[in-house]
Q: 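Sharing a structure here in structure tokens format.
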Amino acid sequence: MLACVRSAMLFGVEGLIVDVEVHVSTGLPSYTFVGLPDAAVREARDRVRAALLSSGLSWPQRRVTVNLAPSGVRKSGPGLDLPFALGLMTASEELPAGVLDGVGVLGELGLDGSLRSIPGVLVMVDALRRSGAAAVLVPADNAAEAALVGGIRILPARSLAEARDALKGEGDWAPVHAMPSEPADGDGPTGDDSGPDLAIVRGLAGARRALEVAAAGGHHLLMVGRPGAGKTLLARCLPSILPPLESEEALEVTKIHSAAGQAICGRLVRDRPFRAPHHTASAAALVGGGSGRPSLGEVSLAHHGILFMDELAEFAPTVLDALRQPLEDRVVRISRQAASVTFPANFLLIAASNPCPCGLGPPDCHCSEANRARYRRRLSAPLVDRFDLRVALGPAAPGAPTGAASSLVKERVAEAMSRQRARYRGRRWRQNARVPAGALGRAIPLTPDADQALRDVAERRGWSGRGMAGVHRVARTLADLDGCADVTPQHIVLAAGLREEVL
Amino acid sequence: VNARVATTFARLPGIDAERAEALALRAVRRGTVVMTPGDPDFPIADDVPHAPAVLFLEGQRPEVLRAPRVAVVGTRAASVHGLTDAWELGAFLGAAGITVVSGLAIGVDGAAHHGAIQAAEAAEQRGEPSPAGPVGVVATGLDVVYPRRHRALFERVRRFGVLLGEQPFGVTPERGRFPVRNRIIAALADVVVVIEATLKGGSRITAERALDYGRPVLAMPGSRRNPAAAGCNALLADGAQPLLDPSDVLVALGITPGARRLWSTGPAATKRSPASTAAQSVLKALAGETAHPDQLASRTGLDPGQVALAVEELVALGCATRDRGFVWAT
């Protein structure tokens, strides 16, 4: 007879509903698996057979046909083991018909019949809920993560036998593990370690200011300075001045981290992600991709958070150019023969670089102009143009006083952010840096004085439209930090001062 | 003409009769002037030792060689101050009817050429063409542009002055050729001015050749903290004359009896002083040197925003310039 079990698989950062149909009929014992399974799914047969036997059940000595619908999409991932096994049991009348109606099923089987956790449970459960499932059967280890979805009953099980008993009404579901409120040291992105505090940074007043503006308005920041000047330290301070994710953002980020198979400890990610890929990273590692099913890149893992690229000039030029599209569109579109997916990539880019090959920078640099030009060419002009904030760090000043602590700066940043949210209510963007160039005039009106100042400064420095738009946005953030209703000419001048030719 | 040029080429080392013929044909087609010592227009005096056996000349204004000639040379890794000084000196000399000889390199050389071209162009636009202009001495064949980034500069030098070189067509840039070329710059010049030079740079060689040939050498003093000034300061210690003002060059040429002190009474002194007290104190804190805005903030006690506004005011007034995040007094 026929059984149909509803399940889901990961597709990019979304869950895709997959119906597992199992048909068991009389005939010579045989087995057919159709519906574009990939290698891992095809191997399910051997796992399921062993798991059934280990659980004291039998593999039907009849003709078995399994179909995965929709049949046009390549199925991947290990989560289809359990729906396959339960479908087989229903079709061979091991389970009463109807117990799986309205129940979504997810889980990987071990050869001993135990249920293993799988990545991406959050997004798959969410997809099942939206498809109308009332309950979802998940591995007990994934129960807490599945419970984040809400509005759907979670049925956790530790093994195939336990799931069978509970479905038959002969046993209980496993309890949902109460997650520890504090995760263990150092694991998972939900740790409370938000990096060093700005209070320990001496001097660097200009760069600190730029960091605050970057945090408040979401403007990409390029820091240039000699080795040891404090670029990396400042960047690592950034999480400590950013307010936590809002609940909507937190859900998005948690889904991405779940889909990437990262331990999220069954809690919503509240802290902003901070990703710092090494400069040997490949383009696929940075923006996502890979053959077959495209996987998430660092830009997506940094969604709603920070992507810190230290030694920017050391990254391969092709890798840096791959960054331009996500910087512009805030999403990554990846097309492969097998699938085309869109990953979210709304990140704040913080980059650091040495000023020249000798690393000293002005005024002590003794690099020849030709060497400097060669170094400069590693960063393409269109990429550098996308940094609205570019600062050169001054020489070290060991005796300089330390500045304001992160908590103080964080308050100012949060206040500036809430001003922006109030102003952009009902729009597609929430931060000054995200205002599209076409909407700048309406979204951020300038007084005639400020407009004149902007024109003057653009003419003096010979700027393109992008340069002017960048200063326009940064000036608005400066005004928001100052609590001003209008952008003043001074804000324009200061914003232009934060956009130096630093290389 | 062709036969005479071919004989000249054939006298050069490593060139056989057939190649000399081809080179001569090319020279005639390009309009290249081929000069040998003894020609009435040969620009280098007979008493100069190791003078080139032949000089090739291309450019629209060979008459600039008849004006007094001053070499302005320096390092490729010049500071903002050095570049500004080279440009100003080139423009000053050009306006004074003096030809500027240099090596077309990145840095001081290029800035001096640009200054001279600017003066020549301005004179032409006024309708009274200057007798002077830029002279670029190359270390390669005249058909090679090196550095390639100076392609436009090469064209401008041809337009307002001349290019000179001793190598036949097709000779590519090689490390050893530049010091050899520098002796031509020294030999062409009546006075050699070194704007900024590192201790071991090619400008030292130009200066030494100039001393061999008995040309006055002027060097611009600089801060001991500036690596690009070390060579000039060493020249001064060795007895070069200090260049404190562009008119010092006129004195060295014997054109004017006393210095006019242009830099102390000229543009620098007539700069408008900043209006705001913040800009005044930032200018004072800058002390004619280079500083990062953070340093200016700690010296003046102003906050970074005030310093940024003050710097903007100073730049607008021409009292300062910015380079890669640092502020330079002008």
Side-chain angles (χ1 to χ4, degrees), chain A residues 202-210 212 222-225 229-230 355-356 358 360-373 376 390-397 399-401 403 453 456-457 460-461 478 481-482 488-503, chain B residues 75-83 105-111 146-150 196 198-201 222-223 225-230 289-299 301-313 315-316 318 321-329:
Chain A
R202 288 190 181 277
L204 302 177
R208 289 176 68 118
R209 177 74 175 161
E212 185 175 333
L222 173 62
M223 291 185 284
V224 172
C356 55
C358 80
L360 292 178
D364 306 321
C365 165
H366 43 255
C367 295
S368 71
E369 172 61 31
N371 276 344
R372 269 182 46 206
R376 230 181 358 242
R390 302 171 211 163
V391 292
L393 271 65
D456 288 349
V457 93
R460 262 208 304 283
R461 304 211 184 180
L478 288 168
L481 280 167
D482 286 352
T488 67
Q490 288 207 339
H491 290 132
I492 298 278
V493 171
L494 288 174
L498 289 170
R499 193 190 177 87
E500 293 278 3
E501 295 304 325
V502 285
L503 280 169
Chain B
T75 177
R76 281 170 293 165
S79 70
V80 172
H81 285 161
L83 293 175
I106 305 284
V108 168
D109 285 17
Y146 180 86
R148 281 197 311 210
R149 234 177 318 152
H150 272 175
E196 268 189 332
T198 51
L199 269 178
K200 292 181 189 161
S223 162
R225 293 177 191 279
N226 178 4
E289 290 270 343
T290 314
H292 189 271
D294 286 353
Q295 292 173 312
L296 295 173
S298 71
R299 286 178 203 166
L302 298 168
D303 76 42
Q306 289 171 306
V307 170
L309 290 172
V311 168
E312 194 66 35
E313 187 181 336
V315 171
T321 55
R322 261 186 296 236
D323 177 45
R324 292 181 280 161
F326 282 71
V327 185
W328 297 66

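The basis for the numbers below is simple: all heavy atoms, side chains too, and nothing from hydrogens, waters or symmetry mates. Proteins come first, then strands; the chains are lettered A, B, ... in the order of their sequence lines, and each starts at number 1.
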Q: Just so I understand: if I count every heavy-atom pair under 4.5 Å between each of A/Ala373, A/Gly497, A/Pro395, A/Pro401 and chain B, which residue has the most?
A: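 That would be A/Pro395.
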Q: Can you tell me which portion of A/Arg461 sits under 4.5 Å from chain B's heavy atoms? Options are side chain, backbone, both or neither.
A: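 Side chain of A/Arg461 only, per the 4.5 Å heavy-atom cut-off to chain B.
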Q: Would you mind checking which part of B/Arg76 comes under 4.5 Å of any heavy atom in chain A, side chain (CB onward), backbone (N, CA, C, O), both or neither?
A: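 Answer is backbone: N, CA, C or O of B/Arg76 sit under 4.5 Å from chain A.
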Q: Is it the side chain or the backbone of B/Thr290 that comes within 4.5 Å of chain A heavy atoms, both, or neither?
A: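 Contact with chain A: side chain only.
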Q: Under a 3.5 Å distance rule, please check whether A/Thr488 uses its side chain to pair with a backbone N or O of A/His491 as donor and acceptor.
A: yes
Q: Taking B/Gln306's backbone N and O only, do any of them form a donor-acceptor pair with B/Asp303's side chain (distance below 3.5 Å, no angle check)?
A: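 Confirmed, B/Asp303 side chain pairs with B/Gln306 backbone.
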Q: Is A/Glu500 reaching over with its side chain to a backbone N or O of A/Ala392, donor-acceptor style, under 3.5 angstrom?
A: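 Side chain of A/Glu500 to backbone of A/Ala392: no pair is present.
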Q: In sequence, state the C-alpha distance, the side-chain angles, and the governing distance for B/Asp109 and B/His150, and then conclude on side-chain hydrogen bond (donor to acceptor under 3.5 Å, both in side chains).
A: CA-CA 11 Å; B/Asp109 285 17; B/His150 272 175; over 6 Å; no
Q: With a 4.5 angstrom heavy-atom cut-off, is it the side chain or the backbone of B/Pro227 that approaches chain A, or both, or neither?
A: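 The answer is the side chain of B/Pro227.
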Q: For A/Val457, is it the side chain, the backbone, both, or neither that has a heavy atom closer than 4.5 Å to a heavy atom of chain B?
A: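 The answer is the side chain of A/Val457.
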Q: If we only count heavy atoms from C-beta on, is the B/Glu312 to A/Arg460 side-chain gap below 4.5 Å?
A: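 The answer is yes, as the side chains (C-beta and beyond) meet within the 4.5 Å cut-off.
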Q: Let me know if A/Leu478 has heavy atoms under 4.5 Å from chain B in its side chain, its backbone, both or neither.
A: neither
Q: Check whether B/Leu309 gets within reach of chain A through its side chain, its backbone, both or neither, counting any heavy atom under 4.5 Å.
A: both
Q: Run the salt bridge (Lys or Arg N to Asp or Glu O under 4.0 Å) test against A/Glu501 and tell me which residues pass, sequence neighbours left out.
A: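 Salt bridge (Lys or Arg N to Asp or Glu O under 4.0 Å) check on A/Glu501 returns A/Arg390.
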